[in-house]
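Here's the structure we're looking at; comments come further down.
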Amino acid sequence: MIGVDMTDNRIGNIVIVGGGTAGWMSAAALCRILHRDCKIHLIESDEIGTVGVGEATVPHIASFNKLLEINEPEFVRQTQGTFKLGIQFNDWGRVGDSYVHGFGSLGHDLSGIAFHHYWHRAYAAGAAKDLGAYSLNTLAAPQGRFMVSAADARKDSPLAQIAYAYHFDAGLYAQYLRRYAEARGVKRTEGKIQQVLLRPNDGFVDAVVLESGERISGELFIDCSGFRGLLIEDALHTGYEDWTHWLPCDRAWAVPCTKVGPPTPYTRSTARGAGWQWRIPLQHRTGNGYVYSSRHISDDEAASVLLSHLDGEALGAPRPLKFTTGRRKKFWNKNVVAIGLAGGFMEPLESTSIHLIQSALSRLGLLFPTREFSPVLTDQFNEQSIFEHERIRDFLILHYYATERRDTAFWAYCASMDIPDTLKNKLALFKDSGRFFREGEEMFTVVSWVQVMIGQRIELAAHHPMADNLSGPELREFVEHVEKVIASCVQAMPPHQAFIDRHCRADYTQIP
Ligand SMILES: Cc1cc2nc3c(=O)[nH]c(=O)nc-3n(C[C@H](O)[C@H](O)[C@H](O)COP(=O)(O)OP(=O)(O)OC[C@H]3O[C@@H](n4cnc5c(N)ncnc54)[C@H](O)[C@@H]3O)c2cc1C
């Protein structure tokens with residue numbers, strides 16, 4: 001007789017607290033990867049609401065959509081989405097500067113040496129254009145061109161591997177994921193949690209109690225309750241590491257405006273006197289926000305700076321957001337895993353928050369516990385999460401620190417602040433010899449770092465000596481060839497709007 005496995009200690013009951021982007025991404029991913037009998041219960045409060053921003057992503061989201069088997073045109077249509085080839089940074093190195101941090105590759109590496117070394121040599125000799133001319137994304141973005149990878153392109157053509165992400169309406173994205181998760185059995189309860197009950201013996205969370213008196217218990221709790229961290233902080237007092245001294249922006253105003261032209265296939269970030277302004281084009285409107293340091297500008301002044309720099313007409317009054325940049329000391333504590341803003345927050349300069357939700361879910365999948373909650377799994381989860389956050393933190397600090405701006409107290413502070421040793425070492429190596437190494441599984445690639453370092457006017461004392469192996473004419477020919485290939489590929493790309501119209505145009509009349 002085939003017996004029932006009495007030793008099954010798999011988790012069978014998960015409670016997700018929060019129904020923002022993090023809560024619904026967690027619900028959608030977990031119902032996809034966990035065993036059929038595992039119950040997933042999501043609680044959200046309409047009265048508290050969600051943060052409601054978070055509309056620009058990075059290319060890694062493709063693997064999340066693949067896991068969910070999402071149909072891309074349908075997804076873009078339903079979220080009023082557009083495509084993103086990178087981020088344009090204006091006025092960051094100096095007022096008047098503009099560069100694009102494009103996704104994907106840069107130029108063409110030769111004999112194992114990264115392209116930027118050859119570029120540096122050629123540029124110094126006056127034989128190369130600005131770095132952006134050698135990246136498909138960077139060149140295509142300001143020209144407003146976009147397409148997904150061409151299936152019929154030669155394997156080595158830049159058109160065969162176009163890296164891109166999305167802009168989408170945060171509210172519609174959460175609704176999309178909610179439909180997905182509920183259709184696969186996730187139970188949703190609307191209500192405000194009033195109390196968190198801990199098990200007396202070990203301090204694990206036992207249940208949450210709603211205002212209605214309903215008690216919902218679980219074995220594993222995913223805290224997606226936003227900045228406050230209802231379980232991870234209020235109940236478990238995990239602690240928070242504050243990074244405001246390195247990333248001084250602590251507030252934002254957000255406001256959508258009417259669109260005034262075809263959507264750009266990139267996010268725009270414009271440095272302002274006490275922070276920076278984002279511009280995220282969607283199909284039906286444009287999202288805008290001013291992320292600023294409250295020590296350097298008043299709230300009223302910041303709101304008026306934002307409103308005076310919109311492309312179109314503001315659709316409503318700006319909404320204020322306050323945050324403390326940093327991370328929870330532990331992302332996983334006892335039987336609570338904090339995902340999304342409950343785990344920490346770094347400003348949206350490189351659109352990393354949704355990615356951090358996704359990578360936390362992937363890590364949770366890989367380190368998924370049994371009812372025993374082995375501390376070894378928990379420690380590993382925390383170690384990897386901390387590493388990931390700290391490397392992203394360094395990349396963001398780079399944008400502020402590597403500036404020649406001193407025109408306001410904010411920029412003077414950024415340029416003179418002490419920075420983490422990990423970043424100091426990377427900068428020293430790059431300035432000295434153009435070398436850069438991606439550490440372990442850190443999020444940003446060498447190409448990302450190089451584009452931002454060069455874009456922020458960091459000067460190299462030298463390049464790799466092997467880039468001198470080409471003769472002068474060989475070098476010129478190589479660099480010109482790369483430029484020509486990129487330019488001709490960009491010419492073959494359709495306008496972004498035409499691509500959307502053809503494949504995934506949303507129905508504007510469906511917008512609430
Ligand atoms: C200014 C700004 C700009 C941003 N831009 C980007 C961007 O461009 N790209 C990007 O990737 N990310 C961005 N982010 C981050 C992104 O918005 C968040 O990562 C994302 O929205 C996830 O939020 P969340 O779900 O963790 O929290 P929230 O949206 O705050 O959701 C919290 C949920 O918890 C529920 N809740 C809280 N307390 C209770 C309670 N007591 N009882 C019941 N339910 C409760 C709420 O009802 C809500 O459903 C930005 C963030 C900010 C602040």
Side-chain angles (χ1 to χ4, degrees), residues 15-27 41-61 64 84 87 165-171 173-175 177-178 188-196 208-212 214 216 222-235 249-255 267-269 275-282 287-292 302 306 318-325 328 338-361 392 443:
V15 176
I16 299 171
V17 172
T21 304
W24 285 113
M25 282 179 79
S26 302
H41 197 149
L42 183 144
I43 306 160
E44 64 177 319
S45 157
D46 289 345
E47 187 194 321
I48 294 174
T50 66
V51 66
V53 280
E55 312 205 306
T57 60
V58 289
H60 308 63
I61 196 170
F64 186 74
K84 171 176 172 185
I87 306 175
Y166 311 101
H167 302 118
F168 49 58
D169 180 310
Y173 183 54
Q175 284 173 30
L177 294 175
R178 176 178 163 187
R188 168 186 182 264
T189 294
E190 197 287 316
K192 198 162 158 189
I193 295 170
Q194 208 173 36
Q195 207 188 348
V196 179
V208 292
V209 183
L210 307 188
E211 260 180 359
S212 63
E214 186 183 353
I216 298 172
I222 313 290
D223 187 349
C224 298
S225 64
F227 288 126
R228 185 171 155 195
L230 196 66
L231 308 186
I232 195 82
E233 198 57 57
D234 286 3
C249 293
D250 57 354
R251 290 191 191 179
W253 286 106
V255 69
T267 307
R268 191 169 73 198
S269 161
W276 62 279
Q277 181 172 339
W278 82 74
R279 176 184 172 282
I280 299 177
L282 303 180
N288 308 277
Y290 184 12
V291 178
Y292 60 96
L306 175 64
R319 219 157 49 80
L321 295 138
K322 287 187 185 174
F323 51 85
T324 306
T325 295
R328 235 24 102 193
I339 295 187
L341 301 173
F345 181 63
M346 284 180 275
E347 54 163 279
L349 188 56
E350 286 281 354
S351 321
T352 43
S353 290
I354 293 173
H355 169 71
L356 284 167
I357 296 171
Q358 174 187 337
S359 71
L361 288 165
I392 292 175
M443 177 185 171

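All heavy atoms count here, side chains included; hydrogens, waters and symmetry mates do not. Counting starts at 1 for both ligands and their atoms, in listed order. Please read all numbers here as calculations on a predicted model, not as lab measurements.
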Legend entry - Side-chain donor-acceptor pair present, T189, H41, cut-off under 3.5 Å: yes
Inset, instruction - Please confirm whether the backbone N or O of I193 pairs with a side-chain atom of E211, one donor and one acceptor, at under 3.5 Å? - result: no
Inset, instruction - Say whether H167 and T57, considering side chains only, have a donor N or O and an acceptor N or O under 3.5 Å apart. - result: no
Legend entry - K322/D250 ion pair, N-O < 4.0 Å: no
Legend entry - Mode of A254 contact toward ligand 1 - side chain, backbone, both, neither (heavy atoms, under 4.0 Å): neither
Legend entry - Heavy-atom gap F345 to ligand 1 smaller than 4.0 Å: yes
Legend entry - Near-ring test Y290/Y292, centroid separation under 6.0 angstrom: yes
Legend entry - Donor-acceptor side-chain pairing of W276 and E347 below 3.5 angstrom: yes
Inset, instruction - Starting from atom 28 (P) of ligand 1, find the nearest protein heavy-atom neighbour and note its residue, name and distance. - result: V51 N, 3.6 Å
Inset, instruction - State whether the shortest distance between N or O atoms of I193 and N or O atoms of ligand 1 falls below 3.5 angstrom. - result: yes
Inset, instruction - Please answer whether the main-chain N or O of A342 pairs with a side-chain N or O of R328 as donor and acceptor at a distance below 3.5 Å. - result: yes
Inset, instruction - Starting from atom 35 (C) of ligand 1, find the nearest protein heavy-atom neighbour and note its residue, name and distance. - result: G18 CA, 3.6 Å
Legend entry - Heavy-atom nearest option to atom 27 (O) of ligand 1, drawn from G226, G20, A170, A165: G226
Legend entry - Nearest neighbour in protein (non-hydrogen) for atom 14 (N) of ligand 1: G54 CA, 3.8 Å
Inset, instruction - Could you find the nearest protein heavy atom to atom 20 (C) of ligand 1 and give me its residue, atom name and distance? - result: T21 CB, 3.8 Å
Legend entry - For ligand 1, the portion of A252 having any non-hydrogen atom under 4.0 Å away: side chain
Legend entry - Nitrogen or oxygen of S45 less than 3.5 angstrom from that of ligand 1: yes
